[in-house]
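See below for the structure under consideration.
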Amino acid sequence: MTSNARNTTQDSQRRAWLRSPVFRALVALLFVFLLGLAFNADGSFFKWDTHRDMLRHISVFGILACGMTLVIITAGIDLSVGSLLGLTAVLFSLFSIRMGWSPAITISICLLVGAACGMLSGGLIAKFKIQPFIATLAMMVFARGLAKWASGGQKVSTAVLQRDGTYKYVDVPPIFNFLNSKLIHENIAVVTLIFFICIFICWVILNKLRWGRHIYAIGGNEEAARLSGIPVLTTKLLAYGASGFFCAVAGICQAAQELQGDPEAGMTYELTAIAIVVIGGTNLMGGKGGIGLTFIGAMTIGYLEKILSINAVGEASRLMLTGVIIVGAVLFQKFRR
Amino acid sequence: MKPNGNHKLLRMQGIGKLFSGVRVLDSVDFDLEPGEVHILAGENGAGKTTLIKILAGVHADYEGRIVLNDRVVKFKSPHDASIFGISAIHQEMSMVNPMSVVDNIFLGREKTRNQFWMDFHSQIEMAKELLAQLELKVDLLEPVENYPLSMRQMFEIAKALVYETKIIIMDEPTSALNDVEVSRLFQIIRDLKQTGKAVIYITHRLDEIYQIGDRITVLRDGKRVGTSALDSLSPDELIHWMVGRTISQQFPERFPRSGQERLRLENVFIQDPSGSKRWAAENVSLKLYDGEILGIAGLQGSGKSELLNGLFGTYGKTVQGHVWLENTPIKIRSPRHSVESGIALLTNNRKDTGIIPEMNIVQNITVASLESFALIGWMQNQKETLAARQHADNLDIRAQSLSQEIVTLSGGNQQKVMLAKWLETKPKILLLDEPTRGVDVSAKHEIYELMNGWTSQGIAILLITSELPELLAMSDRIIVMHRGRITAQFSAEDATQENIIQAAMGENTGQ
């Protein structure tokens, strides 16, 4: 009798696990991974370097997806992440290459600017009830303009234009080299470590902090949350602020990797970030999902792109295939048995 | 179509249904004669709604067979069922809120010319006719969201009548209606019977069962307990059928307490939340004492619900007038501020403004009091689970596990979770807006006993309920509102259904 009851609980636990979004996201990842084993491009898929580069490549997108996850769980969306990445990449390069400011100050300013821009969209959304899509669309356009204004429309690199029309090359600031390096016998990139830290921060926010509970509650049923005394305005403000903060982190990493601040950097990155969150299984309707899913989603997209690139699939086919696979993965998440 | 005993309009035979391995219906038989109102009763979770959804084509996967007019049928979708003349008015209303009344009535059955162009004119003409039949005066082009719940319920009925309907299923149609509207609905049902249409009527309310029903089928735990003509079934027997035991009284005895003044309102004005210039509640003054239940009666539009919401801060700082909580003047600012000062509001719409569907039971219980489960912002999950467990025991919340999502619970248990949520905020005043709506008989009884328990600890309750017997039995005093004003006040002894209804309809008779 008892063992029978235990069996049924184990049974129902197993069934719950099979139906859980984490399991589904893992299956999608596994599927892509198996594709990699099959189409291994003469064994290059079996080299650790391939995986390390995949992780390095996906890190910037993954960091953007971290903030995007918080926002999407509140039933919102943040279209401005790509532009904010561009803006902070420009600012970071300007301050550290042109002005020669210390990394601590430069990084702090960039993070502040990112968070402030995010909170500005958050304020428009929470206080003035502008739809997230519209408010962050406006921020996307505005921040791109700001990036172009700050950079004078030029890439901010180590080649500095002199009065007499010649270029003088300045030294690359050490912070760039550090962010662009690989640690532990060149086995993992610094930006990848930063991505992992961002994932951990979001995990703490969503699972350990009261604020995280507020984020879920607002996404689940905003009116019920408000009537339960949850500070809706502050919560949303901070969620978009956090998204802006992570954009700045991503912007700094991007600038370090490119050794320059490109005002055009991050174009369409918002779409990749949303795709990562959605492939992970976080629902655009809000209230559901988690950062672990986003991590798996980032891996899935990362491997997908890596496999296509090591097999030298042309860009046209790559884009089409990516579109098909995104739909496939999301459909797979929807099926319930 | 003459109603005779032999001809069955509908026979459902041996109907069974499994939901992810759990049996919710077990070979249930059900039949329907033309021109009858057949009540389907049973506690929440008894399987009524599932049975109805099978008939309405919502669940296409079931055991057993459905015979309609001596023909075996199997519906794959609600559209399928409507083609065979079956219309359902579900508990969760199926209106598209931003769309107009007329568009909603014809949703999915739009009138067209040449199968292509919308025929707005004939839609409007037909809708006018239908609504006149239901004695409703409304602007057909207004979005339905601008009308109160009760009105939308009437639109649902109009929608059901558009189809060439033979069988109308009504799932607790009166839960959002007041007495006047209920009697109008019953008149409509009687008219439908005259034309040979059959009605399947789901309800929890005993008085309604005997008022409108011809026959009754009772379900319990997915099985049919019995079917009987209502003439030959006594209320006691019926309750016994429904709960499987005898509940001696419907309401527990209430021992009124008197104590210090806990809440005082003077000349409170509350703006109409829909944005119109008029006051939803006007010049309201009242006092509420420790451990007292003050009932508020009133028809739809009397402003009773708006009064509670206004007090709670749902409408922000728009409330005018003076409010004292335990003899300290307070300003109404926001729900957050009210929760902090010890006021709790159980809203009358659990689905839209109560539960957070994605969250589990524990999280729904603690969502209004997260401050006490967080140490400088860090959640203390164990403490949280412990508190939830205690409430679940005290309130007898029946769930397999507290980490279950709240939507998997029955209505009565969901309501108990909502009550637990507000108790966890340690309220001084509970504002209860329809606390037993959509709750089965035995859970209702439990909620009454809980209310008695809380008041004996000193908590004061402002109670709104559209069920007059409940209001009369549970309140120590009753005030009646009409068009935003208090028109009468009764002590528990003086109050009767008659004088409350009189005052609610605007006759200033009370003292």
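Since this is a predicted model, take the numbers as computed values, not measurements. Numbered from 1 within each chain, the chains take letters A, B, ... in sequence-line order.
- Contact count versus chain B (heavy atoms, under 4.5 Å) is highest, among A/Glu223, A/Arg213, A/Lys208, for A/Arg213.
- Proximity of a side-chain donor or acceptor of B/Gln390 to a complementary backbone N or O of B/Ala387 within less than 3.5 Å is not detected.
- In this structure, the portions of B/Gln363 lying under 4.5 Å from any heavy atom of chain A include both its backbone and its side chain.
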Exercise for review: Using the salt bridge (charged side-chain N to carboxylate O under 4.0 Å, His left out) rule, take B/Lys426 and B/Glu424 through it: C-alpha gap first, then chi angles, then the decisive distance, then the call.
Suggested key: CA-CA 5 Å; B/Lys426 314 269 179 323; B/Glu424 187 51 50; 3.4 Å; yes
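- At a 4.5 Å heavy-atom cutoff, the contact between A/Val204 and chain B is made by side-chain atoms alone.
- When atom types are taken as modelled, the side chain of A/Ser228 and the backbone of A/Ile230 share no donor-acceptor pair closer than 3.5 angstrom.
- Here B/Val367 is the residue among B/Val367, B/Ile376, B/Thr347, B/Leu375 with the most heavy-atom pairs under 4.5 Å with chain A.
- For chain A, the nearby part of B/Asn381 is the side chain; its heavy atoms alone come within less than 4.5 Å.
- Aromatic ring centres of A/Phe295 and A/Phe196: separated by under 6.0 Å.
- Looking at B/Asn364, its side chain never comes within 3.5 Å of a backbone N or O of B/Lys421 through a donor-acceptor pair.
- Neither the backbone nor the side chain of B/Gln380 has a heavy atom closer than 4.5 Å to any heavy atom of chain A.
- Neither the backbone nor the side chain of B/Leu345 comes within contact range of chain A; no heavy atoms are under 4.5 Å apart.
- For chain A, no part of B/Thr425 is nearby; none of its heavy atoms comes within less than 4.5 Å.
- A distance of 8.5 Å separates CG in A/Leu293 from CG in A/Leu26, rounded to the nearest 0.5 Å.
- Counting heavy atoms from C-beta outward, A/Val71 and A/Pro132 have side chains that stay 4.5 Å or more apart.
- Proximity to chain A is limited to the side chain of B/Glu384, based on heavy atoms less than 4.5 angstrom apart.
- Of the possible donor and acceptor atoms, one in the side chain of A/Arg226 sits under 3.5 Å from a partner among the backbone N and O of B/Thr314.
- For the pair B/Met418 and B/Ile406, the tightest heavy-atom approach, listed with the atom from each and the gap, is CE-CD1, 4.1 Å.
- In terms of heavy-atom pairs under 4.5 angstrom with chain B, the leader among A/Gly212, A/Ala225, A/Ala217, A/Gly287 is A/Ala217.
- Residues B/Pro335 and B/Gly313 approach most closely at CD-O, 3.1 Å, considering heavy atoms.
- Most heavy-atom pairs under 4.5 Å with chain A: of the set B/Glu358, B/Glu340, B/His337, this distinction falls to B/Glu358.
- Ranked by heavy-atom pairs under 4.5 Å with chain B, the list A/Gly219, A/Gly286, A/Gly220 is led by A/Gly220.
- Proximity to chain B (any heavy atom under 4.5 Å) is restricted, for A/Asn207, to the backbone atoms N, CA, C and O.
- Heavy atoms of B/Phe373 lying under 4.5 Å from chain A are absent altogether.
- Residue B/Ile355 touches chain A through its backbone alone, counting heavy-atom pairs closer than 4.5 Å.
- Heavy-atom distances place the side chain of B/Thr366, and not its backbone, under 4.5 Å from chain A.
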